[in-house]
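Quantities reported herein were computed from a predicted structural model and do not represent experimental measurements. Every chain is numbered from 1 and lettered A, B, ... according to where its sequence line falls, protein lines coming before strand lines.
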Amino acid sequence: MAQKPSIPKGTRDFNPEEVSKRNYIFNTIKKQFEIFGFQPIETPSFENSSTLMGKYGEEGDRLIFKILNSGDFLSKVDDELYTAKDSTKITSRISEKALRYDLTVPFARYVVQHQNEIDFPFKRYQIQPVWRADRPQKGRFREFFQCDADVVGSDSLWQEVEFVQLYDAVFSALDLKGVTIKINNRKILSGIAEVIGAQDKLIDFTVALDKLDKIGEEKVKIEMLGKGIPQSGIDKLQPLFSLKGSFGTQIEELKSILNTSEEGKKGIEELEFINQGIETLGLKTANLQLDVTLARGLNYYTGAIFEVAAPEGVKMGSIGGGGRYDDLTGIFGLKDMSGVGISFGLDRIALVLEDLDLFPETVTNTVNVLFINFGDAEAMVSMKAIKQLRDNGVSAELFPDNKKTIKQFNYANKRNIPFVVLLGESEMHSNTFTLKNMKTGDQESLSFDEMLNALQ
RNA sequence: GUGGUUGUAGCUCAGCUGGUUAGAGCGUCGGUUUGUGGUACCGAAAGUCGCCGGUUCGAACCCGGUCUUCCACCCCA
């Protein structure tokens, strides 16, 4: 055997069974998106670098796959730049395009570019692959699918309520019960930072706070101190570390912490509105949980922040995330356009469903009936019957080669084909079909119409 | 990007402290007179032991690099 070919790290091939399973998830999500009134769009797999660079922070820029210019790209690099070996500067000269990193920024670009054709509020969904030059881990790939639903052009909090409902609807439809939808609000985080005198260190503060359940209270405090947050401020945070209980009790606790911060109070109001909406409307299988340590996507989120955790006992990073971004289209020059959206991590959801064995048995499509090949004369008659079966919506096929019957039966077994038709010399003469049920082993001699009836 | 980990037939793995022609199970293919299967029996094919280089009389095994796997950090779906 020659040297084995391979695929780049963090990418995957999908076999027929895997594709079927993934399509099942896609279709379920898509159906709910449409039921909720979202419309599909697609954007190119690569964008101008200038569209993407700088939108995800320094870390994000590093993880964007850059596409090398065509032609003699080095000719644009002068000797001085070349000798300096400054990767960042050289990159901007030799690469002007980059692979899509997420679906939100391209969507913002889309909205700005097509603002005159769009009827606002615009509810769009988008299911496409994205690429990140990350180091792969379990559930972390360099090419993966995101399923995004966003609304732009409305700052109504009913949208947030709707997105919580949408998460619940999708995960319920997938029979993935007990997911936790965590919610937080950027304004609360800003408010806390304000109260403890660390407005200018919001990101450092939240990054540290985000690690609370992972590294514990003490280490979080140490990290905050290290980032220059004063001890007096950290002391004020004390009630936050022991924040527990229901949505309502946590809100009360937050009110007392944030009573001096206007922004913080605004955040609390927003959370209460969303929570009240959800309490009244109810959720099918998901739980909504306030989590003040949740701090994702702060580079652009301005209000609500969402993250979905798999049901307890499943070891997996978040399977969904999202939030409100008042200023997103602002970076592309369109002011005062508020947006809010959520994302489903298809690949991780697939891993979780696999883990919990939640895929329906019927997801894998296989042909319904295989005709055994006994030679060209018989095959011709078989093909006529197959053509009629197909015209009637029955998936059927002929084994292409006149191999030993035992081989043909083995093939049917391996492909999980439920029915086999034997059409040999005697059937040809009597104008009948011997239909065998491969599960039960039963077989009977039928006319075409009887066979069609049995297979439909 | 940092630190660690993994890599032997299609798949899952074995291979003792480096020593002659690298093994097993499953799968594949062929056969048990090409009209009946998923279970039986017989037989066969299949590996530059991830790749490159080094140490050694000799390396799947030791050393270095590189790629890959998985994990932690970072970040994130």
Worksheet item: What nucleotide, of B/C74, B/G3, B/U34, holds the atom closest to the side chain of A/E59?
Response: B/C74
Worksheet item: Under a 3.5 Å cut-off for both distances, is B/G43 Watson-Crick or wobble paired, and to whom?
Response: B/C29
Worksheet item: So what does A/N402 touch, heavy atoms closer than 4.0 Å: a base, only the sugar-phosphate, or nothing?
Response: base
Fill in: Under 5.5 Å and under 30°: A/F144 stacked on B/A77
yes
Worksheet item: Whole-Å distance between B/G38 P and A/M438 CE?
Response: 9 Å
Item to complete: Pick base, sugar-phosphate or nothing for A/F141, based on heavy-atom distances below 4.0 Å to the nucleic acid.
Response: base
Worksheet entry | Pairing nucleotide - B/G19, Watson-Crick or G-U, each distance under 3.5 Å | B/C57
Item to complete: Kindly give the heavy-atom pair with the smallest separation between A/S50 and A/K55, and that separation in Å.
Response: O-NZ, 3.2 Å
Worksheet entry | Among A/D326, A/T302, A/D327, the one residue meeting side-chain hydrogen bond (donor to acceptor under 3.5 Å, both in side chains) with A/S338 | A/D326
Discussion item. Categorize A/G60 for me: base, sugar-phosphate, or nothing, with a 4.0 angstrom heavy-atom threshold over every strand shown.
Written reply: nothing
Worksheet item: B/C75, B/G38, B/C29: which one has an atom nearest the side-chain heavy atoms of A/N410?
Response: B/G38
Item to complete: Would you mind classifying the nucleic acid contact of A/E425 as base, sugar-phosphate or nothing, using non-hydrogen atoms under 4.0 angstrom?
Response: base
Worksheet item: Ring centroid separation for A/Y167 and A/F344, is it under 6.0 angstrom?
Response: yes
Worksheet, complete the sentence: Of B/U2, B/C29, B/C75, the nucleotide closest to the side chain of A/L63 is B/C75
Discussion item. Taking any heavy-atom pair under 4.0 Å as a contact, classify A/G10: base, sugar-phosphate, or nothing.
Written reply: sugar-phosphate
Worksheet item: How far does the C1' atom of B/G10 sit from the matching atom of B/C42, given to the nearest Å?
Response: 23 Å
Fill in: Of the listed nucleotides B/G37, B/U68, B/C75, the one nearest the side chain of A/R142
B/U68
Practice prompt. Please measure how far the C1' atom in B/C13 lies from the corresponding atom in B/C73, and state the result in whole Å.
Written response: 32 Å
Practice prompt. Could you check whether A/E427 gets within reach of a base, just the sugar-phosphate, or nothing at all, counting any heavy atom under 4.0 Å?
Written response: base
Worksheet, complete the sentence: Checking B/C75, B/A77, B/U36 against the side chain of A/T434 (C-beta onward), the nearest is B/U36
Worksheet item: With ring centroids as reference points, do A/F371 and A/F399 lie under 6.0 angstrom apart?
Response: no
Worksheet item: Which is true for A/G139 with a 4.0 Å heavy-atom rule: it touches a base, it touches only sugar-phosphate, or it touches nothing?
Response: base
Discussion item. By the 4.0 Å heavy-atom rule, please label A/T405 as base, sugar-phosphate, or nothing.
Written reply: sugar-phosphate
Worksheet item: With rounding to whole Å, what would you report as the distance between B/G38 and B/G31 at their P atoms?
Response: 15 Å
Discussion item. Could you tell me the Watson-Crick or G-U partner of B/G64, where both distances fall under 3.5 Å? Say none if there is no partner.
Written reply: B/C52
Worksheet item: Which part of the nucleic acid, if any, lies within contact of A/L422, taking any heavy atom under 4.0 Å across all strands shown: a base, the sugar-phosphate backbone alone, or nothing?
Response: base
Discussion item. Say we look at B/C51 and B/C11: how far apart would their P atoms be, to the nearest angstrom?
Written reply: 14 Å
Item to complete: Consider the side chain of A/R140, meaning its heavy atoms from C-beta on, and name the nucleotide among B/U32, B/A77, B/A72 that approaches it most closely.
Response: B/A77
Discussion item. Can you tell me which nucleotide in B/G1, B/G37, B/G35 comes closest to the side chain of A/S426?
Written reply: B/G35
Worksheet item: Contact class for A/Q137 (heavy atom, under 4.0 Å): base, sugar-phosphate, or nothing?
Response: base
Worksheet item: When all nucleic acid strands are considered with a 4.0 Å heavy-atom cut-off, which category describes A/F374: base, sugar-phosphate, or nothing?
Response: base
Worksheet item: Roughly how many Å is it from CZ in A/R132 to P in B/C74, rounded to a whole number?
Response: 17 Å
Discussion item. Heavy atoms only, 4.0 Å cut-off, all strands: where does A/K407 land among base, sugar-phosphate and nothing?
Written reply: sugar-phosphate
Discussion item. Check this for me: A/E312, atom CD, are more than 12 non-hydrogen atoms of other residues, nucleotides or ligands nearer than 6.0 Å?
Written reply: no
Practice prompt. Assign A/G320 to base, sugar-phosphate, or nothing according to its heavy-atom contacts below 4.0 angstrom with the strands shown.
Written response: sugar-phosphate
Item to complete: Determine the contact category for A/K9: base if any of its heavy atoms lies under 4.0 Å from a base atom, sugar-phosphate if only primed atoms, P, OP1 or OP2 are that close, otherwise nothing.
Response: sugar-phosphate
Worksheet entry | Salt-bridge contact A/R140-A/D134 (side-chain N to carboxylate O under 4.0 Å) | yes
Discussion item. Taking A/D150 first and then A/R124, would you say they form a salt bridge - that is, a charged N and a carboxylate O separated by under 4.0 Å?
Written reply: yes
